[in-house]
Amino acid sequence: MFTELERVSPFLFSLLENSPDYVTMISPEGIIRFTNRTHPRFAMIGLIGDSVFSYLAPESHEVARACFRRVVETGEPGFFEALVRVGSDVRRYHTRVGPVQSGGRVVALTLISSDVTERVEMAQRLREQRDTLEFAAAATGLGLWHLDVRTRELVWDDEMIRIHGRGVAPRDYTAVLDWVHPEDRARVDANVRDSLTTGTFQDLEYRVVRPDGGVVWVFARGKALRGEDGQVTRLLGGVLDISERRRSEEALRASEERYRTSIAALEEGIVLQSRDGTIHTCNASAERLLGLTRDQMLGRTSLDPRWRAVHEDGAPFPGHTHPSYTTLMSGEPRSGVIMGVHKPEGQLTWISINSRPLYLAGSQQPSAVVTSFFDITARKHAEAENERLLRVERAARRRAVLLAETSKLLAASLDVFASLEEVVRRLVPEAADLAVVKLLDEHGAFGPEHAVAIATGDADLEASYLELARRRGDDRGELLALVRHGEVRFTVVQIDGETPVLPGVPKGEHLAERLRHRSSVLVPLTARAEQLGVLVLGGRTRAFDADDLALAEELALRIAQSLDVARLYRDMQTALHKRDEFIAVASHELRTPLTPLMLQLGRLEQLCRGRSELATAVAAPKLHTIVRQTERLHRLIEELLDVSQITGGRFHLEPEALDLAALVRETIDGFAERLERAGCPVRLDMPARLEGRWDRTRLEQIVSNLLANAMKYGAGKPIDISLAAQPDCVLLSVRDRGIGISLKDQARVFQRFERAVSGRHYGGFGLGLWVTRHVAEAMGGSVTVESAPDVGSTFRVRLPRQAPTAAAQLAPPPP
Ligand code: ADP
């Protein structure tokens, strides 16, 4: 049978030749007997007689063998899947195995093997795709739909229903459109219709409205599938809820918009530099502040030499130390770095810079740096101006202090020259490195005796200068000429120029070299148009300015004024001395003829008395007048003599025991006639006796002076005189009701030649009260006044009972 079969097999197999499957007959052991086709690689002749196992991949041997065995044993068909290696190609075959029986036993097997490689792979892929899709749909919330164009059947999955907020899927496509937001409906419909004709479903974002009114943004992507006739038969696709994304996109857009507009509108300049330091972007303020256009800036790095940046002190600010660069290198932010940037036209702008690093996720190195900066030029200018003003103010204050101290030193003593030595010392080094004052001598020259005060901070140099001044004496050169013309000379040479020799120092002198100064100012000392000398200030290395010149002029003025004051004081002292000498001589000379004159007059008066009637009637009154006037003359001369005695230090007391009450009475008696003529009655209030030790003549002088004044200024009104005893002193008071003395004159009237009335109405030297005060004080007492204009005056004298010792009497006279 088998042989028969073998005979017909080729015929049968030739019939099968066109089958897409391999049809093979094998022995139960697997030896190939026939096959309908050959693989291009194998020759038919080669195949037949081979074991089928030599074509199966080893891993498929087992399954094939088991199948063969089963078919042989049971006689039932079976199948297996096996891998077949054809060269490097591995293909999968599904093989149906049929028994060929003969005599109740299986003598051969037919194998029909179809290549299922693609199908299996496809199925696998499809499975995978479905899994992925399901996973993706579940994970991303993708809703899936599909529409059969012909049947109009619409299928939605659960996610679609959920996205639309519905309980069930829509009936049909029209219902779907109803759920689309009215504004988007036309767009969605057009897209669907277009896809039916074009076969392309455009990606689409639109809104759907849920039954509760909520609006959901969805993203739809679809595909049109064509049937065999080329018509679109199905549409399928997915819909994703993108509300969240839309919201965040919206928010992002808004914040980006805000960010962009605010960055653009920022007053601050913003520059972004990438990792390599190049400028990536900048805002308008950065362009304005740096004076560069965006295009000029982009691509530049910090290291670009064109920045020409400077530090606050003017030192260059190299690129590798710029805050952006160091932040980029180190990752360290920087704040408040001040930088001066030259704009292309050269203008310097001051900016304050902050730099912050930017990192990409996971990166250790900054991937960029943002630099923000703002213009502080105005602030810098204001600061600079403030600093300048502060400097000016400080300098002014220092100058004021210096001037005040100079004035104090000058006023401290009338020995101006001694003060000048201190003054020049005070000026060095604060105001100058050298200060010299030279005073003209009485011949108006810098003669050998002219006074010089110098300070240089170097004692040796000062000594040499003084020695030179003495040795050279009169300088007939430039210094004297300057002083004579009252010219101020101000010299400052350039820092690298040759420093001139100080004027007034002969060039040949060895000293001249040591007195070279970069700056110098010479100011003549002028008082009331008269030249007194010169002030010279020198700055060794510093450059004097207008302030130094002003200071020198002010100093010169003050020095000249105090020299002038001292000179005036000296002149005044001389004049006063001469006047006192004159008064002493004049009063002495005047008294000499007066004494015998008064004596002769007294005798003449006596002779007249009781003689002829004619003599009594005619000569006596005339004689009386002559005597009175002569007495008055005598008193005046005595007063002058007192002055010269007191000022000449020839004044002394001769105390003796006496009764003051009696002395007062006697003095008043001596005034009786004059008091009567003045119409001033005197009221007395005093004890009968009041004893002590005093100088009689001087005490009489006090009482007479006060009584004479009370009578003279008493306006013809009563005078009260009182005398009172205290335990250790006596009090004498003389009160009138006359013109009085204003408060401001009350202290003055006790001074020499001081009067509170005009000489035209009241005669007198203004010496009485001065003498009274001097005498009272010499006796250890005092005199005071209490007075009011037109009310009257009360003079009070307080005297100790004992005249003081000789030492106290020698006290210097009051002015
Ligand atoms: P004199 O009377 O010669 O001017 P005194 O030294 O005695 O000089 O007085 C100084 C000045 O004091 C007077 O010029 C006068 O202005 C004022 N004075 C002195 N005594 C009186 C007095 N009793 N009443 C008003 N003025 C007086």
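Counting starts at 1 for both ligands and their atoms, in listed order. Computed from a prediction, not measured in an experiment: that's the story for all the values here.
The cationic group of Arg579 does not satisfy the cation-pi geometry with Phe582, failing either the under 6.0 Å distance to the six-membered ring centre or the 45° limit from the ring axis.
Here the shortest heavy-atom distance to atom 4 (O) of ligand 1, taken over Arg755, Arg748, Glu754, Arg773, belongs to Arg755.
The Gly766 neighbourhood of ligand 1 comprises atoms 1 (P), 3 (O), 4 (O), 6 (O), 8 (O), with distances under 4.0 Å to a heavy atom of that residue. Atom numbering of ligand 1 starts at 1 in the shown order; those under 4.0 Å from a heavy atom of Gly764 are 3 (O). Atoms of ligand 1 lying under 4.0 Å from any heavy atom of Ser793, numbered from 1 in the order shown and given with element: 22 (C), 24 (N), 25 (C).
Residues Val452 and Tyr465 have side chains in contact (heavy-atom distance under 4.5 Å, counting atoms from C-beta outward). Inter-residue side-chain proximity for Trp694 and Leu653 is flagged as unmet; no heavy-atom pair is nearer than 4.5 Å. Side-chain contact between Leu663 and Leu658: present, with at least one pair of heavy atoms (C-beta onward) separated by less than 4.5 Å. Contact check for Thr491 versus Val521: no side-chain heavy atoms found under the 4.5 Å cut-off. Proximity of Leu427 to Leu537: side-chain heavy atoms (C-beta onward) are separated by under 4.5 Å at one or more points.
An N or O contact shorter than 3.5 Å is missing between Gly763 and ligand 1 by distance. In terms of polar-atom proximity, Gly768 is counted as a contact of ligand 1, with an N or O under 3.5 Å from an N or O of the ligand. Residue Trp770 has no N or O atom closer than 3.5 Å to an N or O atom of ligand 1. At least one N or O atom of Ala756 sits closer than 3.5 Å to an N or O atom of ligand 1.
Ranking the protein heavy atoms by distance from atom 23 (N) of ligand 1 puts Asp736 OD2, 2.8 Å first. Here the protein heavy atom with the shortest distance to atom 25 (C) of ligand 1 is Tyr713 CB, 3.4 Å.
In this structure, Tyr713 has its ring center closer than 6.0 angstrom to the ring center of Tyr762.
Contact analysis leaves Glu639 out of contact with ligand 1, as no non-hydrogen atom separation drops below 4.0 angstrom.
Only the side chain of Phe795 comes within 4.0 Å of ligand 1, counting heavy atoms alone; its backbone N, CA, C and O stay farther away. Proximity of Asn705 to ligand 1, defined as any heavy-atom pair under 4.0 Å, is not found for any part of the residue.
Scanning both residues, Ala481 and His485, for their nearest heavy atoms gives O-ND1, 2.8 Å.
Looking at His577 and Gln573, their side chains never bring a donor and an acceptor atom within 3.5 Å of each other.
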